[in-house]
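Every chain is numbered from 1 and lettered A, B, ... according to where its sequence line falls, protein lines coming before strand lines. FYI, side chains are in, hydrogens and waters are out, and symmetry mates aren't considered; it's all heavy atoms of this structure.
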Amino acid sequence: MIKQIDVSLFSLRHTFESAQPLSFYADYNENGSVLSYAERGEIVKITHKGSVEKGMLEILSRDNSAAHDAFTRFRLKDRMPTIYKNISTDEHISNSISLYNGMRLTMNDPWETVLTFIISQFNNVKRIRLITKNIVNKFGRPVFGSNGEIIGREFPESKALLKATEKDFMALGAGFRSKYIVEAAEYCTHNIDLYKFSGSNYYKLKEDLMLIKGVGEKVADCIILMGYGNLKAFPIDVHVKRTVERLYFKGRKKKLREIQEFAEERWGRYRGYAQLYLFHNARTGSR
DNA sequence: ACCCAGGCGGGCG
DNA sequence: CGCCCGCATGGG
């Protein structure tokens with residue numbers, strides 16, 4: 001069935017290309033208007049029609065839960081005019097917004113976010129995608145087409161990785177992160193329930209997440225932002241750190257703590273969105 | 001060949 | 001604590 005949702009200030013392409021977890025296992029077509037991913041035993045196909053300012057999302061799937069999921073996943077409830085207004089404190093941000101107008105944060109599965117961002121450390125986006133794809137292909141539940149052929153695989157739950165060893169993940173290209181993956185799968189299956197955590201208590205959640213081996217401050221912030229949807233998280237990676245130091249501190253080195261405080265004061269409760277636009281602009285804009 | 005990539009854990013002072 | 005170092009791997 002096809003479900004339609006009106007969207008404004010939404011860009012499927014920029015959202016996909018912003019390299020959030022969603023993008024690690026989804027595929028999209030050349031002009032960026034069609035996206036598909038495996039979910040709930042089927043392939044969901046999303047088509048974006050119309051303009052960024054005023055358009056429509058068509059969700060093709062077997063039942064209408066996919067439309068509901070897409071609404072959550074693409075954060076369609078977000079009031080972008082308000083958010084843009086709040087984070088447009090200077091021309092650097094507003095330039096990035098006009099370049100990538102309609103780019104949304106995405107709301108992803110917590111475990112998927114834990115795993116992909118463990119893989120992300122000291123790594124580049126291309127290889128993160130490759131490693132993640134290898135893991136999905138090896139451990140993800142297959143989705144079958146009408147002729148019984150495999151047409152995609154879902155992101156594997158932590159339990160599905162328990163049979164694998166560090167060596168297995170090395171073979172999939174995960175490198176030194178392999179031992180973290182093994183331990184995280186174990187820990188998230190047996191010791192904690194990521195789906196019971198509340199995204200609203202930032203400090204408590206961060207503390208809990210950082211007990212996972214391989215999850216430090218930055219990765220925890222990514223999980224809180226893109227896995228739990230708390231816009232107060234402001235992940236500071238090399239790009240964001242350099243950008244903030246260059247733009248707002250005359251190139252002087254600042255401690256992470258200082259940058260956190262700066263972000264909170266400058267962009268307030270929407271600082272997660274500010275981070276997205278800073279990061280994406282720094283990563284793709286000037287290179 | 002050399003440098004870097006959405007950092008982190010462990011060890012040391 | 002705060003700082004520093006090594007770390008798998010592949011692409012530019």
Side-chain angles (χ1 to χ4, degrees), chain A residues 14-26 96 100 103-108 110 112-135 138 164-188 206-228 230-231 233-247 252-261 263 271-287:
Chain A
H14 292 321
T15 301
F16 179 84
E17 289 180 348
S18 68
Q20 301 175 242
L22 159 73
S23 60
F24 294 152
Y25 64 95
S96 181
Y100 309 110
M103 178 169 62
R104 301 291 181 113
L105 280 165
T106 56
M107 174 75 167
N108 305 278
E112 175 199 326
T113 315
V114 166
L115 184 57
T116 53
F117 277 98
I118 283 176
I119 295 169
S120 80
Q121 64 176 87
F122 199 48
N123 210 343
N124 60 64
V125 171
K126 195 162 188 173
R127 237 170 65 79
I128 296 163
R129 284 183 165 135
L130 176 69
I131 296 165
T132 304
K133 194 168 154 193
N134 289 342
I135 292 175
K138 178 128 179 159
T165 65
E166 183 178 341
K167 242 184 193 168
D168 294 325
F169 294 113
M170 292 293 275
L172 299 178
F176 67 90
R177 308 159 196 84
S178 298
K179 59 177 175 294
Y180 300 150
I181 297 174
V182 170
E183 289 186 41
E186 182 80 22
Y187 188 76
C188 292
K206 191 162 183 174
E207 194 178 307
D208 287 338
L209 291 172
M210 285 175 68
L211 294 176
I212 305 170
K213 202 59 89 53
V215 176
E217 276 229 31
K218 190 269 173 181
V219 168
D221 276 328
C222 285
I223 299 165
I224 295 170
L225 182 60
M226 302 167 203
Y228 290 91
N230 188 334
L231 301 185
F234 187 85
I236 303 171
D237 69 321
V238 285
H239 297 296
V240 171
K241 183 170 188 293
R242 281 201 287 253
T243 303
V244 170
E245 285 169 347
R246 179 169 55 83
L247 295 181
R252 294 187 183 283
K253 297 290 177 201
K254 288 288 163 186
K255 293 175 184 174
L256 295 184
R257 180 60 195 261
E258 297 176 294
I259 298 181
Q260 284 290 355
E261 287 170 359
R271 54 191 178 276
Y273 259 104
Q275 190 271 358
L276 178 70
Y277 280 86
L278 283 172
F279 168 76
H280 192 59
N281 198 31
R283 199 174 71 81
T284 59
S286 58
R287 271 219 73 79

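- Distance CG (A:L115) to C1' (B:dG7): 16 Å, rounded to an integer number of Å.
- For A:R252, the salt bridge (Lys or Arg N to Asp or Glu O under 4.0 Å) criterion is met by no residue, not counting sequence neighbours.
- One can place CD1 of A:I223 at 12 Å from C1' of B:dG7, the figure rounded to the nearest angstrom.
- A distance of about 14 Å separates the P atoms of C:dG6 and B:dC3, rounded to the whole Å.
- Rounded to an integer number of Å, the gap from A:Q20 CD to B:dG6 C1' is 11 Å.
- In this structure, the ring pair (Phe, Tyr, Trp, His ring centres under 6.0 Å) partners of A:F169, at least two apart in sequence or on a different chain, are A:F139.
- One can place CZ of A:R283 at 10 Å from C1' of B:dA5, the figure rounded to the nearest angstrom.
- Among the heavy atoms of the strands, none lies under 4.0 Å from A:T116.
- Distance check on atom P: C:dA8 versus B:dG10 gives 14 Å, rounded to whole Å.
- The shortest distance between side-chain heavy atoms of A:Q121 and A:F176 falls below 4.5 Å.
- A heavy atom closer than 4.0 Å to some atom of DNA chain C occurs in no member of residues 206-219 of chain A.
- Side-chain atoms of A:I119 and A:I135, non-hydrogen and from C-beta on, do get closer than 4.5 Å to each other.
- Note on A:R242: a side-chain N or O is less than 4.0 Å away from OP1 or OP2 of B:dA5.
- A:F117 is linked by a ring pair (Phe, Tyr, Trp, His ring centres under 6.0 Å) to nothing, counting only residues two or more places apart in sequence or in another chain.
- Summarising the geometry, the separation between CD on A:E183 and P on B:dC8 is reported as 15 Å, rounded to the nearest angstrom.
- Position along DNA chain B of the nearest nucleotide to A:Y180 versus A:I128 favours A:I128 as the more 5'-ward residue.
- Separating the CZ atom of A:F176 from the P atom of B:dA5 is a distance of 13 Å, rounded to the nearest angstrom.
- Remark: P of B:dG9 and CD of A:E166 are 15 Å apart, rounded to the nearest angstrom.
- Residues that satisfy the salt bridge (Lys or Arg N to Asp or Glu O under 4.0 Å) test with A:E186, not counting sequence neighbours, are absent from this structure.
- Qualifying salt bridge (Lys or Arg N to Asp or Glu O under 4.0 Å) partners for A:K138, counting only residues two or more places apart in sequence or in other chains: none.
- A 4.0 Å heavy-atom criterion places the boundary nucleotides of DNA chain C facing chain A at C:dC3 to C:dG10, written 5' to 3'.
- With sequence neighbours excluded, the residues satisfying side-chain hydrogen bond (donor to acceptor under 3.5 Å, both in side chains) with A:E217 are A:K206.
- Residue A:Y277 holds its OH atom at 8.0 Å from CG of A:L105, rounded to the nearest 0.5 Å.
- Stem analysis of DNA chain B (at least three stacked-register Watson-Crick or G-U pairs, each with both distances under 3.5 Å) gives B:2-5 with C:9-12, B:7-13 with C:1-7.
- Evaluation of the salt bridge (Lys or Arg N to Asp or Glu O under 4.0 Å) rule for A:E261 yields A:R257 as partners, not counting sequence neighbours.
- Qualifying side-chain hydrogen bond (donor to acceptor under 3.5 Å, both in side chains) partners for A:D208, counting only residues two or more places apart in sequence or in other chains: A:K204.
- For A:D237 and B:dC8, the CG to P distance is 10 Å, given to the nearest whole Å.
- Contacts of A:Y180 classified as ring pair (Phe, Tyr, Trp, His ring centres under 6.0 Å), with partners at least two apart in sequence or in another chain: none.
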